[in-house]
Structures are given as structure tokens and as C-alpha cells.
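Given the structure is predicted, the values throughout are model-derived calculations rather than measurements. We name chains A, B, ... by the order of the sequence lines, and we start the count at 1 in each one.
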2 protein chains.
Amino acid sequence: MLPSKISGELEVLSRNPLIAMQNPAIDKAAQLVREALTERKALIIVGNCWVDYSGRASSKLEPGERIVIFKEDGSVLVHRPTGYEPVNWQPPGCLFSVRAVSNTLQIRAIRRKPSESVKIFFDNVYEVCALNLVDNGAFSLYASEEDMQRAILSRPSLLEDGFEPITYEKKVESGFVDVYGVDKTGKFVVVEIKRKPAGRAAVLQLAKYVKAIRSMVNREVRGVLVAPDVAKGVQRLIVTLGLEFKALDPRKCALVLTKPETKRLVDFFEDTG
Amino acid sequence: MLPSKISGELEVLSRNPLIAMQNPAIDKAAQLVREALTERKALIIVGNCWVDYSGRASSKLEPGERIVIFKEDGSVLVHRPTGYEPVNWQPPGCLFSVRAVSNTLQIRAIRRKPSESVKIFFDNVYEVCALNLVDNGAFSLYASEEDMQRAILSRPSLLEDGFEPITYEKKVESGFVDVYGVDKTGKFVVVEIKRKPAGRAAVLQLAKYVKAIRSMVNREVRGVLVAPDVAKGVQRLIVTLGLEFKALDPRKCALVLTKPETKRLVDFFEDTG
DNA sequence: GAGTGGATTTCGCAT
DNA sequence: ATGCGAAGTCCACTC
């Protein structure tokens, strides 16, 4: 048995994850492109191209140098040198046709429902990479601050037994309260949520909100800071200002959100308890 | 003066749009990556990597083979071999740091407001492309069917003078009416919109809707087919069924939508008149 | 700078 | 299959 690192490298050598051409002739490029698309490989083409799209809408992209990616599932991305979003694209499930006509590489990607067509024309190809990629790595995303808020609203006992949210993001002067409610003794509770160890700023903000609410209602008002932890020295400040701290791990919130939110909030740390 | 095709190729040769390395050692790859990011070039890295994200939320991506793109504007895309969307990303405006530590290429992309960090680690690089891309090609998108609908609603005179929409996408049995309203003589008008030359199916659908509406109201009901053109032989069918046709170019609709829609609906055919 | 609405949204889950 | 809501949405525009 070889060490996994070594065996992995051998595997990569035998699989040959990459076939690349630099500045190929159009017909050579077309050949590699056709092969890659036929074998459902991922494919990168860099070159000077123009694009016609027709389907739900229509668009035309004049010539320029771009990065075009074809994926194993039949999706297409045309990326300009700037911007997060592709300028043209096609969702997964496309059928392709490839032609080399009068020194122009033409690739058409079509799909049904809705019926859409993207045609890409290259008159200059700088690089073609046909890729045989293996990607089984798990992706896990855990709770955002907003997720923690939803978690508390959907299960108020996360904060404390008997807590009942009244409204959330209540507007006060200079901001919004994350969560706002009443505890089991009838006192108002103002909650400030942080998904990271809370610093001084979070505490001061909470104090400000508590003060604002106190000026509006004639009842006792508690201020509770919810975060996975507090930064060093902040605990003292919390006590000094008459506030409270409740530890809550954002990963735990992720597990609580079992309704539609489950989709992206998967078990990340199984050792969370 | 050289022909533009030739001069363009000379320009490409002198500019050197591509520096590529296949299966480089990690430190060599790091060198090219650092250079490309420093010079604000676009950059493609294909290899085995894992990713940590922390910011609005947090995520972890276990090792696998992916395509990673860095763009001139400081945006980052991590693409798995399938799917339209990047699994991890960073919007434009990032700052980068590159390190090669114990045979691992580490790239960090951070941005402020919101404060976010994406860390990408490669232990195996199959391909690195540093790109010097020139892309000034105009992108134009013109109206979708929905845009045409909005255009008519925002300027009913596109259909005819005196037309007043009542509601749109009115539900009838087996479908929705695109636009529904009253003409200047008080008759009901049912509008069916197509962004391409209308075929028999569109006409028959409109006829069905007209029939459905007639069974619901005690008033005259007109059926108007709106499209840039009608397919061959369909005009007869329209007349036979007692319907009407109104020619409307989707490109014209695009120009009508001058409110927020302007952003993507630019003048595409200046010779539209 | 914050807030609002659209997108060739995409994506995932519900019915 | 269709519809609904969320997204690390992104993006452009308004106040």
C-alpha cells in the first residue's frame, strides 16, 4: 500500500487530467473541443470571440478576448476579464455542436425548456484546456448572522426558556434591533446577535438600543448579547453596562433551521454535540 | 497601413496575451500567480484545492479538482466541474496575498464592506494561465417576452390608442392571459404576446383565452396577438378566428422601458427607426 | 452610503 | 412538472 499522497500522484499521472494547447490552429482547436465535449469533459477556451444568445431574451456580444468554460454537466460560461457574473451563459443540460468554418471556431450550445441557444465564435484561440477533473470534496456552509436570527425566532428557547419574540429588526433611532421580545417574567428583552466573538462595538450598540427602548416603554428592559463567544475583556464591559451574554454557536443555529433552510445548512462539525 | 486582421495579429503577438505553465512546481506556480495578481492580469488556475470562506457566512470546501479564476477587477471564482454557479467566490475589489508554504500554494482574497475572506489552497496545480485580455466588445440585450409585457403595461398606446390595461397575467382555465384590458370603446381586449413571429400555437392559445373570457363577461371581447411578425399562413387563421394582429418589435419595447430597465436594454439596432 | 427592485437570475424544496 | 422563496445572491439605480 502506497502512501496516499504518492498513490494520488500516480493516479493523477495515469488519468491525465489535462490536455492543453497553446495558440492552436482553429481546426486543431476544434478537434480538441469536439473531443472534450463528446466525452463530457470540462473545457476551457481562451481567445477572441463573439457571442449570440437567443431564448428567454436575446443578446449580442461584440468581439473581444474572453474566458469560456464548458462543464461536464453541459453548462456554459462566457467570462469577460472583469465582473463576477458571466456575460453570457447556459445552464446545465446543453447539447453542443462544433464547427470550424473559414478559420472560425463555432460552438453552439442549445437546451430545451426553455428553448435557448448560445452561439460562440472564435477567430483566435490562445489556449484550450480539456480537463478530466475529479471533485468529490464536500461543501459545507454554516449559519450567517441572519440565520442565527431566524433560528432564535423559530425556536426562542435557544435564547432562554419562556422567551417570546414580539418582532424583529425593530427600528429604533440609529438602527435596527435584531430580535425583540418578552421574557417569562414579562420584562422586555432586546437581543443583539453576532456570529463571531462579540467585541466592544457590539456591546455598545446593544447598550444604545436598550437605552432607546427604555425611553419608549415603561417597563424593565434587558439587553442580551448573543454570540459564540465574547472577545477578551468585553465580559467586564457587559457586566458594567448591566447587560447579559448568551453563548450561541452559529453552527448550532444551522442545525436548528430544519425547515427550507436545510438545503445549504448541512452538518459541518459533527462533534458539535 | 496594414489590413486590420494582420495588424491585429501583430498586436496580439507583441502583447503576449498568454503566459501558461503546465504541471508547474508549487513555487514556480506561486511566482507566476503573484506576478499576475500584482499586474492585475486575469488568471486561471486548475488544480487540486480546498477553500475556506469567512464573512457574511462561513464555508468550508474539502479538497477536489477545480477551476479557479481571478479577474482584473479583483474578483474570484472557484468553479467545480459542474454547475452554473461558483462554489466559492469573491466579488470585485479584492486584495490578494500569495504564499507557497510546505509545497502548498495559498492564495487569500479579502475585501472590506462587508469584510470577507476567501482562502484557497492548492497542493497540485495542473495549469496556470496568466492572461492579458483586451475586451472592448459591446454587449447588448434586448427585450424578452416579459419585457414586452411590461412595455405595453407602462405605455398602453404601444398596443393602440386608448387601451387601458386592467390587470395582467389574468388567470383563465389552462393558463394566464399576458395582458388584459379595455379599449377606448369599452370592449374587453385579451392580448397574447410573442417575441418571435407568431405561429399557429400562439393564435390557437389566444382564441382559447378569448373564448374563456367571453364565457365570463357579458361584453364584446377582442383578441389581439402582439408579435414582431406572423409565421406564413397564420394571418388567414387569425382572420378566420376573428382575432387581430398587432406588429410590435421587441427591440422597440426595449427602448420604451426607459426607467430602471435602461441598465441592460441598450440601443441594439440603431436602424430600427 | 443605505435602501429598493430586477435577473436570460440560479437553486432547491414543496406541491 | 410547476410554483414558491432564499441567496455569502449580484447588480444597477435612487435617495
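- Judged as a ring-ring contact (aromatic ring centres under 6.0 Å, His included), and not counting sequence neighbours, A:F122 has no contacts.
- Rounded to whole Å, atom P of C:dT8 lies 17 Å from atom CD1 of A:I120.
- Using a 4.0 Å heavy-atom criterion, one finds that A:P114 contacts no nucleic acid atom at all.
- When the shell of 6.0 Å around CZ of A:R34 is examined, it contains more than 12 heavy atoms from other residues, nucleotides or ligands.
- Between A:R80 atom CZ and D:dC10 atom C1' the separation is 17 Å, expressed in whole Å.
- Under the 4.5 Å side-chain criterion, counting only non-hydrogen atoms from C-beta, B:L133 is in contact with A:V46.
- Applying the 4.0 Å criterion to OP1 and OP2 of D:dT9, one finds that B:R56 has a side-chain N or O inside that range.
- Along DNA chain D, the nucleotide nearest to B:V118 and the one nearest to A:G83 differ in position, and the one closer to the 5' end is contacted by B:V118.
- The side-chain hydrogen bond (donor to acceptor under 3.5 Å, both in side chains) contacts involving residues 40-51 of chain B comprise B:N48-B:D123, where partners must be two or more places apart or lie in separate chains.
- In this structure, the OH atom of B:Y84 is 14 Å from the P atom of C:dA7, given to the nearest Å.
- Comparing D:dA7 with D:dC11, their C1' atoms sit 14 Å apart, to the nearest whole Å.
- In terms of polar N and O atoms assigned as donor or acceptor, the side chain of A:Y53 comes within less than 3.5 Å of the base of C:dT8 in a complementary pairing.
- Proximity of a side-chain donor or acceptor of A:R111 to a complementary backbone N or O of A:Q90 within less than 3.5 Å is not detected.
- To the nearest angstrom, C1' of D:dC11 lies 13 Å from CG of B:D73.
- Both stacking criteria are satisfied for A:W89 over the base of C:dT8: a centre-to-centre distance under 5.5 angstrom and an angle between ring planes under 30 degrees.
- Nearer to the 5' terminus of DNA chain C, by closest-nucleotide assignment, is the contact made by B:K113 (compared with the other of A:A57 and B:K113).
- If you take atom P in C:dT4 and the same atom in C:dT8, they sit 22 Å apart, rounded to whole Å.
- Taking atom P on both D:dG8 and D:dC4, the two are 22 Å apart, rounded to the nearest angstrom.
- No hydrogens or angles were tested; on distance alone, a donor-acceptor pair under 3.5 Å links the side chain of B:Q90 to the base of D:dG8.
- Here the C1' atom of nucleotide D:dA7 and the CD atom of B:E85 are 8 Å apart, to the nearest Å.
- Rounded to whole Å, the distance from CZ on B:R111 to P on D:dC10 is 6 Å.
- We find that CG of B:N88 is positioned 14 Å from C1' of D:dT9, with the value rounded to whole Å.
- Between the CG atom of A:L141 and the P atom of D:dG8 there is a distance of 6 Å, given to the nearest Å.
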